[in-house]
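Report on the following structure.
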Amino acid sequence: MPPKRVLNPQSIFDQASVEEAFEELKIRPQHLHSLYSNLILRSATDYDEIVDFPKKAKDYLSQNYVLSTSKVIHKKVSKSGDTIKLVVRLQDGLEVESVIMFYEPLSLKPAPENDEASEGETKPKLVADGTSRRATLCISSQVGCQMACTFCATGTMGIQGNLTAAEIVEQLMHARKEADIRNVVFMGMGEPLNNYKNVTQAVKLMIDSRYFGLKPSRVTVSTVGVIPYILKLATDLPKVSLALSLHAPNQEIREQLVPSARSYRLDKLMGAIDTYQEKTGNKVFIEYVLLSGVNDLPEHIDELGELLRDRDVTVNLIPWNPIYSPEIEFSAPGAESTEYFKNTLKNKYNIRCTVRQEKGQDVSGACGQLVLETQAQRGANADCGTADIEDLMSPGAREVSPAPKCNIQ
Ligand code: SAH
């Protein structure tokens with residue numbers, strides 16, 4: 001169990017608690033609706049901006065809630081402008097990262113001289129030109145992670161806490177100041193299905209057509225394979241997309257990379273995926289981090305091909321992004337072996353396959369890496385990439401996508 005976090009004040013985006021309070025105070029539900037539509041759609045920053053909002057509600061909310069419990073303390077735009085990494089500090093001092101990845105190239109202009117950096121932030125040399133561009137947001141669900149995948153930066157941190165639903169939603173609120181967010185992928189820090197209640201509550205607000213209005217299929221929950229919650233997700237949020245971090249074609253290799261595979265064995269996991277697909281009719285995205293000599297050899301391609309050939313999946317190959325940790329001894333695959341892996345899956349097994357391209361390496365987005373890096377040396381560059389998640393999301397996904405990466409994942 002993650003350590004319990006004591007949080008005070010509460011965030012206004014803790015919708016369940018506000019709803020309960022309104023019921024107790026006998027404030028009509030229509031005011032709840034006007035509260036969130038003003039905050040989300042009209043970016044209201046004061047309850048006085050909400051027309052006909054009862055004084056009782058205003059007073060109660062002002063005393064008990066704040067509009068944001070978290071703040072962006074570090075922001076970095078990649079040189080190419082296709083990625084923006086945000087480090088978000090939570091009210092108890094813990095930090096998570098979110099990554100914004102743009103569909104179209106960003107038009108950048110030099111930052112104005114008087115553009116002050118906030119606390120801990122490196123003053124940007126380039127800033128967006130102000131046009132609102134469509135983007136994917138890679139979001140965190142926990143601080144750290146207990147799954148301890150052996151190649152993952154967040155895995156080295158251990159678990160420090162679950163994010164509240166409001167803290168998850170606040171990441172979207174922060175990102176919307178930078179871009180027009182069309183997709184959300186839970187590929188930041190943490191295992192979303194280990195924080196099921198808060199993640200699903202946040203997702204419900206994100207896909208609520210009255211508020212953020214994201215298309216459910218454009219919200220992707222990525223899991224390393226927590227079987228009971230994969231099945232529960234099929235019932236609770238059947239239209240939301242699912243990505244499975246498989247990373248290995250057999251039980252033995254999977255156990256080396258993903259320790260939780262000892263509890264959730266590969267055969268049972270694939271059975272759960274089948275049940276999920278029967279219930280939802282959704283295609284499932286399979287993430288497969290390529291680690292040179294470990295899981296990228298020709299026999300692994302064949303085994304993976306056999307495992308997936310009759311399933312409705314798209315495989316997203318992720319060349320490993322090296323991370324800073326003395327214990328980690330993996331190496332990234334070469335471009336040729338990645339290409340061979342992809343082509344074999346496609347041509348021999350007829351499996352749809354994309355490769356996540358490196359992008360925005362200069363801003364460092366690998367799973368948990370930005371936070372680790374910025375804690376160690378704020379403002380420095382790190383060596384890692386991002387992902388072509390929006391290719392993965394869109395129906396017309398490209399074969400090899402020269403698109404953004406979310407190394408965060
Ligand atoms: N816990 C969830 C989501 C977080 S990580 C999950 O496992 O799916 C999102 C993706 O990024 C996962 O597929 C994860 O294995 C991958 N990832 C983590 N560290 C990476 C690294 N250094 N290089 C490439 N992919 C990485």
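First listed ligand is number 1; within each ligand, the first listed atom is number 1. We use all heavy atoms of the structure for the numbers below, so side chains are in, but hydrogens, waters and symmetry mates are not. Just so you know, these numbers come straight off a predicted model, no measurement behind them.
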Part of [X] within contact of ligand 1 (heavy atoms, under 4.0 Å):
X	answer
V224	both
T154	neither
N321	both
F186	backbone

I'd like to check which ligand 1 atoms, numbered from 1 as shown, lie under 4.0 Å from a non-hydrogen atom of [X].
X	answer
I318	24 (C), 25 (N)
C152	18 (C), 19 (N)
I323	22 (N)

### Task
Give a yes/no on ligand 1: does H247 have at least one heavy atom closer than 4.0 angstrom to it?
yes

### Query
Is G188 in contact with ligand 1, taking contact as a heavy-atom separation below 4.0 Å?
yes

Do the side-chain N and O atoms of [X] and [Y] include a donor-acceptor pair separated by under 3.5 angstrom?
X	Y	value
E97	S140	no
E167	S70	no
Q10	S17	yes
D236	Y196	yes

### Query
So, D302 and K348, do they make that salt bridge, N to O below 4.0 Å?
yes

### Query
Does a salt bridge link D312 with K283, judged by any charged N lying under 4.0 Å from a carboxylate O?
no

### Task
Please indicate whether any nitrogen or oxygen in E287 is less than 3.5 Å from any nitrogen or oxygen in ligand 1.
yes

### Message
Apply side-chain hydrogen bond (donor to acceptor under 3.5 Å, both in side chains) to residues E287 and S222 and explain how you reach the verdict.
### Response
CA-CA 9 Å; E287 291 159 279; S222 176; 2.7 Å; yes

### Query
What is the ring orientation for F330 with W320, classed by angle as parallel under 30°, tilted 30 to 60°, or perpendicular over 60°?
perpendicular

#### Entry: Shortest reach to atom 1 (N) of ligand 1 by a heavy atom, considering only S222, G190, S245
G190

